[in-house]
Protein chains: 4
Amino acid sequence: MRTAAILGASGYTGAELVRLIATHPGLRIGALTADRKAGSEMRDVFPHLTHLDLPALTRIEDVDFARIDLVFCALPHATTQEVVAELPRDLKVVDLSADFRLEDPAVYERWYGHAHHALALQAEAVYGLTEFYRDRIAPARLVAGTGCNAATGMYAVLPLLADRVIDPDEIIIDLATGVSGAGRSPKEGSLYAEVAEGFHAYNVAAHRHLAEFDQEFSKAAGRSVTCTFTPHLAPQNRGILATVYVRGEAAEIHASLARRYAAEPFLHVLPMGRTPQTRHVRGSNHCHIGVVADRRAGRTMVFAALDNLVKGASGQALQNANLMLGLPETQGLDAAPLFP
Amino acid sequence: MRTAAILGASGYTGAELVRLIATHPGLRIGALTADRKAGSEMRDVFPHLTHLDLPALTRIEDVDFARIDLVFCALPHATTQEVVAELPRDLKVVDLSADFRLEDPAVYERWYGHAHHALALQAEAVYGLTEFYRDRIAPARLVAGTGCNAATGMYAVLPLLADRVIDPDEIIIDLATGVSGAGRSPKEGSLYAEVAEGFHAYNVAAHRHLAEFDQEFSKAAGRSVTCTFTPHLAPQNRGILATVYVRGEAAEIHASLARRYAAEPFLHVLPMGRTPQTRHVRGSNHCHIGVVADRRAGRTMVFAALDNLVKGASGQALQNANLMLGLPETQGLDAAPLFP
Amino acid sequence: MRTAAILGASGYTGAELVRLIATHPGLRIGALTADRKAGSEMRDVFPHLTHLDLPALTRIEDVDFARIDLVFCALPHATTQEVVAELPRDLKVVDLSADFRLEDPAVYERWYGHAHHALALQAEAVYGLTEFYRDRIAPARLVAGTGCNAATGMYAVLPLLADRVIDPDEIIIDLATGVSGAGRSPKEGSLYAEVAEGFHAYNVAAHRHLAEFDQEFSKAAGRSVTCTFTPHLAPQNRGILATVYVRGEAAEIHASLARRYAAEPFLHVLPMGRTPQTRHVRGSNHCHIGVVADRRAGRTMVFAALDNLVKGASGQALQNANLMLGLPETQGLDAAPLFP
Amino acid sequence: MRTAAILGASGYTGAELVRLIATHPGLRIGALTADRKAGSEMRDVFPHLTHLDLPALTRIEDVDFARIDLVFCALPHATTQEVVAELPRDLKVVDLSADFRLEDPAVYERWYGHAHHALALQAEAVYGLTEFYRDRIAPARLVAGTGCNAATGMYAVLPLLADRVIDPDEIIIDLATGVSGAGRSPKEGSLYAEVAEGFHAYNVAAHRHLAEFDQEFSKAAGRSVTCTFTPHLAPQNRGILATVYVRGEAAEIHASLARRYAAEPFLHVLPMGRTPQTRHVRGSNHCHIGVVADRRAGRTMVFAALDNLVKGASGQALQNANLMLGLPETQGLDAAPLFP
């Protein structure tokens with residue numbers, strides 16, 4: 001039995017890690033931290049975890065890391081760099097922030113507005129898109145969780161770039177995400193009255209996950225790739241649907257995705273012409289992918305749906321942790337989606 | 001005071017017409033029909049109209065059309081052709097179905113699966129996109145309401161084609177619509193449990209409103225235009241947001257739209273870089289339009305938001321009826337959106 | 001044409017007043033204030049009001065009250081007392097806060113945790129439940145808007161106490177309200193993710209509107225009345241449904257309500273056995289009331305539904321303002337509910 | 001490894017059983033039936049189960065019951081009687097319909113409108129409220145799942161009647177339920193547009209679960225008990241919150257519930273004064289119970305929240321099946337709630 005700590009357990013991704021680990025046969029929770037809520041019981045912060053026997057929330061400095069095998073770090077970016085830099089050097093870390101996703105510090109600085117303060121850690125970090133970096137994740141000490149929107153778009157596109165079945169200059173990622181991705185901090189834009197019964201785009205052409213698309217798409221294509229990306233906020237708690245417009249033959253595209261993901265436990269390519277729904281992956285680590293031919297020859301739509309808090313964040317983190325700890329990769333992640 | 005009849009008053013667009021006409025200073029409701037619910041009071045079918053003094057629902061054959069100046073026809077397609085063909089020849093008709101939208105009967109047959117049975121009426125019908133056909137609508141006897149998705153996309157695109165500021169071969173309309181557009185007939189796909197808390201595409205590359213896009217875009221461009229169109233179902237009662245990907249300079253595009261709609265009472269072009277939200281037009285006849293430059297030069301996103309039951313259906317119908325009856329065009333349509 | 005100012009126009013009730021007054025034939029908006037957002041345009045704070053030509057938001061001290069006939073005060077309680085005390089003495093005021101609702105300053109202090117600082121104003125204020133205080137509201141200078149939950153419960157109960165058809169010691173008000181009543185200030189409990197897809201009680205046996213129930217029920221009954229009140233938060237933007245359990249004969253209860261409200265333009269008693277829905281009054285100033293006999297003799301359920309932002313707040317305020325200004329009571333309030 | 005069949009697998013409770021059994025270590029699915037959808041794959045009927053390897057849907061007559069240890073019957077009432085009567089006599093059955101819940105056939109006939117046609121089976125059936133009938137469920141051949149609303153109310157009330165800490169003549173159960181309880185059959189009242197953004201009561205004083213309350217409350221009290229029950233429909237997929245008004249001391253009531261459920265794995269009594277939320281039990285077999293003292297002495301509110309599809313239906317069914325098959329009672333039911 002291995003032991004994990006969750007730093008930043010008072011946010012949605014922290015609570016989601018607790019939920020997943022609660023039924024994990026090989027991993028237990030050794031410590032939970034939350035600075036402002038230190039001293040609270042988790043059940044008072046998240047009553048849906050009432051039935052679990054969990055350690056109380058503490059401050060990071062009060063954690064005995066000698067008893068911890070792996071740390072999930074669910075802290076805000078920038079803070080994360082400082083915290084991870086202070087952790088014992090031999091401690092495995094799965095980070096859920098944006099701090100270690102971008103290989104080029106100059107790119108980080110451009111998108112996040114300040115210099116990176118942990119360059120050595122950045123150099124060591126492995127990008128956590130499990131299905132594409134599995135071999136590097138298993139032996140890694142520090143794995144950087146991907147952006148949730150970024151993961152969704154990448155599942156739809158990466159094999160197509162690698163297989164050269166689409167035009168890398170003509171990728172448009174139109175995406176709708178649920179509101180839990182914005183976190184639990186009170187913000188006017190996350191209020192029920194501002195989100196329910198409506199739909200709108202946000203951060204158009206300026207979303208930070210563009211930096212991840214650029215980095216990974218360019219690597220996959222072996223050349224510089226710049227895509228268009230328009231995120232929307234949909235009135236749903238969980239779920240991301242990416243609708244990706246590409247140039248290429250639908251049959252080749254479907255074949256590429258089906259082949260690439262045939263052995264993947266969590267990625268499912270639907271029969272040609274079927275489209276996925278976010279509600280059909282809710283609460284699970286599964287990602288559904290669909291392909292539809294446009295009526296215009298040579299144009300195709302690729303759809304990918306996943307749960308931003310699971311496959312887009314905490315489930316991905318746990319999948320990577322399993323690899324890093326030598327546990328079966330799917331442990332703790334076998335729950336079916338919750339529908340309706 | 002003019003008098004209108006609403007045929008098919010037991011559906012959402014019928015009830016919406018009643019709601020709008022209820023405060024119209026120059027139009028009253030003379031008859032309401034609903035075949036299966038004939039004999040019922042409107043307040044029993046739509047309790048939100050309880051406070052209104054309305055005629056009971058009757059069958060069409062029981063309406064005294066001599067007392068009616070204009071008919072709103074909110075019946076299913078195909079049925080509509082038969083019904084309108086039987087109406088007195090001098091009666092003005094605003095139709096909300098798809099039956100008279102497509103000028104070419106062969107196109108109708110291809111998209112709707114059966115021959116058109118009222119070719120003379122089709123020849124006479126005017127396409128009801130008010131801001132583009134105002135001069136022809138005013139004297140018309142029969143006006144065909146547009147598709148709600150079609151109207152949304154057209155408001156974003158038509159001036160750009162006419163002004164030649166975008167590439168007509170590179171138009172992608174990605175759209176999210178609310179569920180009231182599917183009507184009040186019970187269908188598994190419209191159940192709360194199948195719609196709430198989720199997001200998905202439907203009728204991809206096969207939606208019937210493509211026929212309207214083809215017809216109107218081609219006319220505006222003076223050449224054949226074929227676009228890509230992907231509708232999604234969002235968990236909201238009302239509202240359509242079109243996110244349109246075009247090739248052209250954002251500044252020119254914004255200027256074209258601002259110029260074209262400067263004098264329009266219901267079309268509002270937001271400042272450059274702002275994006276509209278469906279909840280900000282809910283319940284009103286207004287349409288908000290936004291323009292954002294992509295980070296890739298020469299690419300632009302245009303957004304349009306409207307309420308599918310108002311500007312996309314019953315509000316458009318009333319605006320056209322006002323024109324046809326010689327009433328002020330905006331009468332009965334001045335309510336501000338309901339937010340939140 | 002009379003002119004109104006709205007103090008605190010950056011909240012939901014302020015925006016709702018703007019929405020209603022926008023189509024009011026006898027009232028115009030002369031000033032809008034919002035301390036932290038002074039200098040902003042209303043359309044930037046509330047994009048759904050984009051189409052209106054409105055004064056910019058200012059600070060209260062910059063308003064020229066000589067040009068104002070009536071002030072709507074939509075500020076937080078406690079602040080309100082101070083602001084209203086500084087207004088010109090001849091200015092009519094409709095207050096939407098809790099500051100002037102409770103006649104007894106000791107009761108105010110007990111429920112709101114601090115002494116009342118404007119006792120003279122309190123002595124002058126008229127409780128704004130229009131249908132029960134119409135004669136006193138018309139000549140009043142200061143009218144105190146009721147609590148939205150309080151109004152809903154009172155519409156169901158007050159005539160029954162006055163007519164002595166229920167036992168005043170056995171009143172249980174179980175109520176569900178929408179989240180817009182909590183305002184636009186960011187709070188964890190108002191986040192979409194904390195409100196959507198769930199249902200819970202809050203402030204059980206401790207909600208401040210209890211003080212209003214006590215005051216008004218006791219007056220109506222001519223003796224001290226203490227009720228039970230359990231509010232719940234329902235995942236909806238607008239709407240309150242009160243389910244009131246009383247002891248009395250359903251037929252007598254229905255007759256009492258029907259008689260009392262027969263001439264009221266906004267209160268509608270449904271046929272015996274029908275129950276109201278919040279969605280059927282959404283966006284309107286209407287209140288629907290239903291009565292159902294329990295299977296146990298002598299027990300009856302009374303239901304009342306209204307829109308908390310309209311009949312429960314801004315619509316009530318406008319109705320009272322109409323009375324105070326000598327305008328027709330229903331002006332600006334004739335919009336039908338928005339359904340769906 | 002035991003094998004179960006699910007009859008009526010194309011409804012929400014059938015799909016929910018599949019979801020739960022999918023991770024059950026001691027139970028597998030041997031057959032799935034659905035008359036009209038016989039021949040379909042489960043993933044085509046419920047795409048959220050795409051990742052599972054499941055038998056295709058068949059007709060009941062094509063199931064080889066010799067290979068089945070236990071049948072979950074999720075068919076409509078009335079049909080159920082006929083189907084269960086035809087099953088092999090030695091087959092264990094957990095029924096989710098209303099057909100075997102009521103011990104007195106005359107009561108069944110009164111509430112369901114037709115005579116009971118399987119009286120011998122009814123005589124043998126055990127009422128499936130696990131925590132109160134565990135000893136009789138374990139050896140039973142036929143267990144009748146409870147009504148979901150009934151279970152929620154009973155968890156709040158039954159110990160209080162048994163412990164004589166409340167007045168059995170003064171029980172009011174006010175309840176809000178999610179829409180999945182109405183099933184997947186298309187009905188106007190279950191449409192998104194008729195359910196979202198609103199709240200209303202239904203079947204007031206006439207809901208069939210009253211028969212279950214009467215039966216079980218009377219048994220617990222040792223005398224005839226007749227309660228008041230008002231169900232409401234809340235805009236949520238899953239979840240029931242019962243708000244129960246009783247006469248009794250809150251401290252005694254809290255102590256009674258805490259004592260009765262101390263050893264129960266799925267029933268959790270919150271600290272005095274806390275109230276449960278449906279979203280905090282979503283997707284799980286847990287039930288949260290809260291107690292709050294009214295401001296009026298001797299009056300108390302008891303709250304119970306559970307997921308109607310899990311603890312109110314399929315989770316309860318699986319918990320009972322575990323008992324009947326000699327498996328650990330909580331197997332397959334250990335998932336934490338999904339929040340948000």
Side-chain angles (χ1 to χ4, degrees), chain C residues 169-170 172 174-178 191-206 210 214 226-230 232-241 243 245 250 273-282 288 290-296 299-301 303 305 338-340, chain D residues 169-170 172 174-178 191-206 210 214 226-230 232-241 243 245 250 273-282 288 290-296 299-301 303 305 338-340:
Chain C
D169 290 326
E170 298 294 338
I172 294 173
D174 187 282
L175 178 149
T177 183
L191 293 176
Y192 182 90
E194 306 284 327
V195 173
E197 286 291 308
F199 190 77
H200 65 281
Y202 70 98
N203 286 0
V204 179
L210 276 165
D214 291 353
T226 305
C227 69
T228 293
F229 172 45
T230 308
H232 298 77
L233 187 64
Q236 55 180 3
N237 280 310
R238 292 163 177 257
I240 300 176
L241 182 78
T243 297
Y245 297 88
R274 294 269 181 93
T275 55
Q277 309 197 9
T278 63
R279 59 181 69 73
H280 292 151
V281 294
R282 180 167 52 221
H288 289 186
V291 176
V292 182
D294 192 16
R295 57 178 189 154
R296 289 198 277 176
R299 294 171 188 254
T300 298
M301 279 72 79
F303 302 86
L338 191 73
F339 170 82
Chain D
D169 290 326
E170 299 294 338
I172 294 173
D174 186 282
L175 178 149
T177 183
L191 293 176
Y192 180 89
E194 305 285 327
V195 173
E197 286 291 309
F199 189 77
H200 65 279
Y202 69 98
N203 286 0
V204 179
L210 276 165
D214 290 352
T226 305
C227 68
T228 294
F229 171 44
T230 309
H232 299 77
L233 186 65
Q236 54 180 4
N237 280 310
R238 291 163 177 259
I240 299 176
L241 181 78
T243 297
Y245 297 88
R274 294 270 181 95
T275 54
Q277 308 197 10
T278 62
R279 61 181 67 74
H280 292 152
V281 294
R282 179 168 52 222
H288 289 186
V291 177
V292 182
D294 192 16
R295 58 177 188 153
R296 288 198 277 176
R299 294 171 188 254
T300 298
M301 278 73 79
F303 302 86
L338 191 74
F339 170 82

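Just so you know, these numbers come straight off a predicted model, no measurement behind them. Throughout, a chain's letter reflects where its sequence line sits, starting with A, and its residues are numbered from 1.
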Best-contacting candidate, D:Leu191, D:Val292, D:Asn237, D:Thr275, against chain C by heavy atom pairs under 4.5 angstrom | D:Asn237
Would you mind checking which part of C:Ala196 comes under 4.5 Å of any heavy atom in chain D, side chain (CB onward), backbone (N, CA, C, O), both or neither?
-> backbone
Can you tell which of C:Gly178, C:Ala305, C:Ala201, C:Gly273 has the highest number of heavy-atom pairs within less than 4.5 Å of chain D?
-> C:Ala201
With a 4.5 angstrom heavy-atom cut-off, could you sort out which part of C:Phe199 is near chain D: side chain, backbone, both or neither?
-> both
Bottom line for C:Pro235: the part with an atom under 4.5 Å from chain D's heavy atoms is both
So C:Thr278 and D:His200, side chain to side chain donor-acceptor pair (under 3.5 Å) or not? Walk me through it.
-> CA-CA 7 Å; C:Thr278 63; D:His200 65 279; over 6 Å; no
Most contact-rich option vs chain C, by heavy-atom pairs under 4.5 angstrom, among D:Arg279, D:Arg282, D:His280, D:Met301, is D:Arg279
What residues form a side-chain hydrogen bond (donor to acceptor under 3.5 Å, both in side chains) with D:Thr230, not counting sequence neighbours?
-> C:Tyr245
Does the D:Arg295 side chain pair with the main chain of C:Cys227, one donor and one acceptor, at a distance under 3.5 Å?
-> yes
Does any heavy atom of chain C fall under 4.5 Å from the side chain of D:Ala293, the backbone, both, or neither of them?
-> backbone
Given that the side chain runs from C-beta out, which part of C:Phe339 has a heavy atom under 4.5 Å from chain D: side chain, backbone, both or neither?
-> side chain
dist D:Thr243:OG1 -> C:Ile172:CD1 (nearest 0.5 Å) comes out at 11.0 Å
Residues that C:Arg299 engages under side-chain contact (heavy atoms from CB on, under 4.5 Å), provided they are two or more places apart | C:Arg247, C:Asp294, C:Arg296, D:Glu170, D:Thr228
Option in D:Glu194, D:Glu197, D:Gln277 with maximal non-hydrogen atom pairs under 4.5 Å from chain C | D:Glu197
